[in-house]
Undergrad: 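Structure provided below as structure tokens; questions to follow.
Only a predicted model underlies this, so the values are computations on that prediction, with no experimental measurement involved. Proteins come first, then strands; the chains are lettered A, B, ... in the order of their sequence lines, and each starts at number 1.
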2 protein chains.
Amino acid sequence: MSVAQTLDSNTATPTPPARSAGSGSRTHKIWSNMHDVCNLLRIPSGTFVGDDDQHFQHVQFKAGQRIHTAGQPFDMLYIVNCGFLKSVMIDEFGNEQILSFPMKGDLFGIDGIHTKKYTSEAVALSSCDIILIPFAKFAALGRTNPVLETALYGLMSRELIREQGMITMLGSLTVEARVARFLVSLSERFSAIGYSGKAFNLPMTRREIGNYLGVTLETASRTLSAFNELGLISVDQRSIYIHDINALKTLRRLPPSRARIEQQEKKAAAAAASSSEFIQVAPSAAMREQLAVV
Amino acid sequence: MSVAQTLDSNTATPTPPARSAGSGSRTHKIWSNMHDVCNLLRIPSGTFVGDDDQHFQHVQFKAGQRIHTAGQPFDMLYIVNCGFLKSVMIDEFGNEQILSFPMKGDLFGIDGIHTKKYTSEAVALSSCDIILIPFAKFAALGRTNPVLETALYGLMSRELIREQGMITMLGSLTVEARVARFLVSLSERFSAIGYSGKAFNLPMTRREIGNYLGVTLETASRTLSAFNELGLISVDQRSIYIHDINALKTLRRLPPSRARIEQQEKKAAAAAASSSEFIQVAPSAAMREQLAVV
DNA sequence: CGTTCGGTTGAATGTTATCAATCGCGGTGG
DNA sequence: CCACCGCGATTGATAACATTCAACCGAACG
């Protein structure tokens, strides 16, 4: 049930200066070429004519470190080679809003292009290996390489669509549906990068989940517990096991709380009646039928 | 108090086929050159070397007509020359979410770049004059013209940032703050395109406002009424007059409903005591002080 | 002149935030 | 080694809030 990712504690080094290229003790500094980068980004890569002498630097970050901060001059895009991060926007009132959780293969830093300053900050949630992509260099390559240019426009457009989906989620889905969708999305992304899509550890806290989904940490926690009760998932602290991903995909809202309470009372009564019997491990199909999928 | 924009009824011609270039009776078909386009988009325009033979076609739409629909093959970007529209995303459950209200100078259709199909649809809220920008042509021009290329990346990045702001708004602001921000944003955009920022008509219905802000139409209506009560704005149907834009800018939440009710009772009592007196036209400063700006 | 649509408002209901208490784990320091 | 934090997570009780259902009004349109 446990999973590949090992998370450093978030308590270490709250906010060290960013971009310290050769900082760590053993800096397994690596360089990636264009081919690696295209593979990571899932760009057709195709035939790069003689551009293979282009190299891009890797940098390591520990949990809690910032890759870039809001307002910092923009010159780089970043690609995650491994590890987990959060991208956070801070509005004029100081409200923090998590915009995404970049992981392997994800590009971030795009928001800096317009004003030449990053408008968000990126923070490592675990140990991370990040590839630096100087934007000017990348754009120049695109000018002579139509495939790359198209890919770059496509990546920006894709990010735009992702955010539109985020807006739609926040604007029109119930909390349950948002949490369900969040789990499905994580599952699919883990699968895509070679981890298990059924059993994984959450790289983020309940507070971060809640912030991302536009609710409080308590509501996020309760919703996960509710899914657990219904047998859709098993959750224990950070570890998740997904039992019924289809239910999560189609879930729109949980049965009204009154019905849920009655359901629980029934369960409690049944448990009391047969007190010496097995604990119900896998929840009944009947309970799952309670899901409204209107 | 009424304003320049005149709105056609939304009832006319629900969904006629899009892109009928020479449809209307008097087709005031115009062509724009690169210079006009750059002015509209607020691109430095600068010195376009001999590219001034590039021309872009205008098309007119009436209220209710679609400019493009979700799933339609992508080949164009669109720039609003005049009129008001809404951009709507429809998710897999059929939920509609309004993503933006494009108006003069705004670019839309960017979401089609990635998958070569539009993922959203754009609908005219009033009579509109739209400029067609073939994306391939624009990208090709960018390849030989660094200023234009930078501008195009910048526009996409700007749109990304706008949507991030939208996410932050939906995720972390109260309903009151969202409506306030919506009004401020409209005001600033109207000012930017030469209309009054204090007195204007809303181009959209309460339902559309509510949808955009992630609440029901009733809540949107009530919130506008509350602002009216507090004297921040005057609202009557579609017409808006902004009395205190600073209050709207800094507003985070209204006083708790109990305090508001007591306030109203006080007002009612005062009105009853001096029943034959003037109706209180401009609300008291005391009432406005009730705004929590923590 | 009736019908439809957009808008407003009230009352009841359901949902979420807030406040608070508890638990368990991992680290630190005595 | 163990006691003692501090933090993340869970859960309960209450208050605040938004939605829903419903009624009503007025303007636009056929």
Undergrad: Please state how far atom CG in A:L170 lies from atom P in D:dA18, giving the value in whole angstrom units.
TA: 16 Å
Undergrad: Residues in side chain to side chain donor-acceptor pair (under 3.5 Å) with B:S120, at least two apart?
TA: B:D111
Undergrad: Is any side-chain heavy atom of B:I233 less than 4.5 Å from a side-chain heavy atom of B:Y241?
TA: no
Undergrad: Please write out each protein N/O paired with an N/O of nucleotides 9-11 of chain D under 3.5 Å, distance rounded to 0.1 Å.
TA:
from: D:dA9; atom 1: OP1; to: A:R238; atom 2: NE; distance (Å): 2.8
from: D:dA9; atom 1: OP2; to: A:R206; atom 2: N; distance (Å): 2.6
from: D:dT10; atom 1: OP1; to: A:R206; atom 2: NH2; distance (Å): 3.1
from: D:dT10; atom 1: OP2; to: A:R206; atom 2: NE; distance (Å): 2.6
from: D:dT10; atom 1: OP2; to: A:R206; atom 2: NH2; distance (Å): 3.3
from: D:dT10; atom 1: OP2; to: A:S221; atom 2: OG; distance (Å): 2.7
from: D:dT10; atom 1: O5'; to: A:S221; atom 2: OG; distance (Å): 3.4
from: D:dT11; atom 1: OP2; to: A:S225; atom 2: OG; distance (Å): 2.8

Undergrad: Less than 4.0 angstrom between a side-chain N/O of A:T216 and OP1 or OP2 of C:dT16, yes or no?
TA: no
Undergrad: Nearest-Å distance, CG (A:N201) to P (C:dC25)?
TA: 15 Å
Undergrad: CD1 of A:I209 versus P of D:dG8: gap in Å, rounded?
TA: 13 Å
Undergrad: Kindly indicate whether the side chain of B:R181, heavy atoms from C-beta on, has any atom under 4.5 Å from the side chain of A:D91.
TA: yes
Undergrad: Going by heavy atoms in the side chains, are B:L173 and A:F93 under 4.5 Å from each other?
TA: yes
Undergrad: Holding to salt bridge (charged side-chain N to carboxylate O under 4.0 Å, His left out), I want the full list of residues that pass it with A:E121, two or more places apart in sequence or in another chain.
TA: A:R66
Undergrad: Less than 4.5 Å apart, side chain to side chain, heavy atoms only: is that true for A:L85 and A:V123?
TA: no
